[in-house]
Student: 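I'd like to ask some things about the structure below.
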Amino acid sequence: MIEVSNLIFTYPRAHQPAVRGISFRIEKGQIFGFLGPSGAGKSTVQNLMIGLLPMQKGSILYDGKTLSDMGKSFFNRVGVSFEHPNLYEKLTGVENLRYYGGLFDKPVIPPEQLLDMVGLGDAKNKRAGAYSKGMKQRLVFARAIMNRPDILFLDEPTSGLDPGTAQRIKEIILSERDRGATIFLTTHNMYAADELCDQVAFIDEGRLVAQDSPRNLKLKYGKKAIKVEYTSNGQIKSEILFVDRDEDRYRLSQLIDSGTVETLHSQEATLEQIFIKLTGRGLS
Ligand code: ADP
């Protein structure tokens, strides 16, 4: 179990904190999603959790232990895939994995097998520097799972991949969870969060604004949502309004009274619509 409490972090010379008091718990074997727009503070939290940034305030405990309690053993237990791939560009795909695999004090999945899993079998002898962005991302992902980690950190694991490849990566993420790994996934993609995560936390401006399973979030906010299409200055506009919110009911009656309403549809809200409702901003 991972327990993060009252995390606060300010970058040197920044005027305000990037992370402003975030707390959450991740149960073992869960996929926990951090969903929020660019700049919300997701990567900062991930980097604090893996020790790439120094702790300032708050605590992060893995089964009751801090990173310094665990020392080097943490490296054997963890897998990390960054959004911006950090690879040895002059080494081939298979050499990158062989080199990295040699750093562990435990057996790892053979590089060739990993490359086949992520669809890079044919490119294994090509230099990583000649890989496309999506190929580099898959290589970093393969590297993250090679030590069969207990805890897997994935930063935007499917962004920029074609749909077929993204699907393959999603299936591997689910099978990692089924193997027992606890997964921390950061994304601004509501579809990835919805499909993959057992729990989703909405992150905005360094704060956690809501947390629940995607299903519960949608049940809680979605059942009573109405999509209103209306005309404004000759253009069709649409809004999602929640009938259990005073200001939304007022807005709905305003629109109806204005005589501009074209259509009304009750609907299940998407995670992005709920996010907008709670924070006033979209995910991208
Ligand atoms: P996200 O991962 O959600 O896109 P980040 O954690 O990268 O968000 O960024 C959170 C905030 O911290 C942003 O305002 C960003 O500009 C700022 N930030 C990120 N990295 C640095 C850095 N190395 N130095 C200063 N500010 C940073």
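Here the structure is a predicted model, which is why all the values come from computation and not from measurement. Order of appearance sets the numbers: ligands from 1, and atoms from 1 within every ligand.
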Student: Does any pair with a residue in residues 90-116 pass salt bridge (charged side-chain N to carboxylate O under 4.0 Å, His left out), and if so which ones, sequence neighbours excluded?
Tutor: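 Non-adjacent pairs meeting salt bridge (charged side-chain N to carboxylate O under 4.0 Å, His left out): R98-E112.
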Student: What residues, two or more places apart in sequence or in another chain, satisfy salt bridge (Lys or Arg N to Asp or Glu O under 4.0 Å) together with D198?
Tutor: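 Only R177 meet the salt bridge (Lys or Arg N to Asp or Glu O under 4.0 Å) criterion with D198.
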Student: Which protein residues come within less than 4.0 angstrom of ligand 1, counting heavy atoms only?
Tutor: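 If the criterion is a heavy atom under 4.0 Å, then ligand 1 touches Y11, A18, P37, S38, G39, A40, G41, K42, S43, T44.
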Student: Are the side chain of S5 and the backbone of G58 linked by a donor-acceptor contact shorter than 3.5 Å?
Tutor: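 Flag not set: sc S5 to bb G58 has no pair under 3.5 Å.
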Student: Report the residues that fulfil salt bridge (Lys or Arg N to Asp or Glu O under 4.0 Å) with D155, sequence neighbours left out, ordered by chain and then residue number.
Tutor: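 D155 satisfies salt bridge (Lys or Arg N to Asp or Glu O under 4.0 Å) with no other residue.
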Student: Which value, rounded to the nearest 0.5 Å, describes the distance between I60 atom CD1 and L7 atom CG?
Tutor: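 So the gap between those two atoms works out to 5.0 Å.
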Student: Validate the cation-pi geometry between R143 and Y88: distance from NZ or CZ to the six-membered ring centre under 6.0 Å, angle to the ring axis within 45°.
Tutor: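 Cation-pi check for R143 and Y88: fails.
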